[in-house]
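Contents: one structure, followed by commentary.
The residues of the chain are indexed from 1 along the displayed sequence.
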Amino acid sequence: PFDVRVDFVNLAPGGAALRWQVDGQGGGSLDQWPPAHRLGLGQLPPGTHHLKAWLEDKGQPLDNAGYARVEREFIVEPR
């Protein structure tokens, strides 16, 4: 599991949103905090993956005191 904190930003439909993508493709967005349901990253194959998350406001990147984007590499283990 990933822990995500969104501080000092008011997420709202049509306004600020947290957006993400995995391995440079697809992704999703979140416009309310806390989220209404648990977020999933889909069925990822085993191996190393890259998650990028960032804040936007009305489609434009949002600078939240220098902490507007985060990138993480993670490994999905085979079952």
Side-chain angles (χ1 to χ4, degrees):
F2 288 99
D3 289 329
V4 175
R5 261 176 74 164
V6 178
D7 292 329
F8 310 114
V9 175
N10 292 320
L11 301 181
L18 174 69
R19 303 212 187 276
W20 69 88
Q21 61 181 203
V22 177
D23 298 332
Q25 299 183 23
S29 66
L30 178 66
D31 62 8
Q32 75 176 45
W33 194 262
H37 52 81
R38 180 170 266 207
L39 304 174
L41 297 178
Q43 299 295 325
L44 297 173
T48 302
H49 298 279
H50 187 209
L51 170 71
K52 180 166 74 170
W54 67 95
L55 294 168
E56 283 187 3
D57 189 9
K58 298 179 180 126
Q60 298 298 313
L62 180 66
D63 184 4
N64 187 26
Y67 297 98
R69 186 175 89 183
V70 64
E71 296 186 41
R72 296 285 185 269
E73 192 171 88
F74 62 97
I75 298 172
V76 173
E77 298 286 339
R79 289 186 161 217

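Linking ILVMFWY side-chain heavy atoms closer than 4.5 Å, directly or via other members, places Trp20 and Leu55 in a single hydrophobic cluster. Clustering ILVMFWY residues whenever any of their side-chain heavy atoms sit less than 4.5 angstrom apart, transitively, puts Val70 in a cluster other than the one holding Val22. At a threshold of 4.5 Å between side-chain heavy atoms, the hydrophobic network of Ile, Leu, Val, Met, Phe, Trp and Tyr places Phe74 and Leu18 in one connected group.
In terms of the side chain to side chain contact (heavy atoms under 4.5 Å, CB included) criterion, residue partners of Ala16 (sequence neighbours excluded) are, by chain and number, Val9, Leu11, Asp57, Leu62.
In this structure, the separation between CG on Asp31 and CG on Asn10 is 12.5 Å, given to the nearest 0.5 Å.
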Cut-off 3.5 Å, no hydrogens considered: what does the side-chain donor-acceptor table look like for residues 42-51, sequence neighbours left out?
from  : atom 1 : to    : atom 2 : distance (Å)
His49 : ND1    : Asp23 : OD2    : 2.6
His49 : NE2    : Pro45 : O      : 2.7
His50 : NE2    : Glu71 : OE1    : 2.9

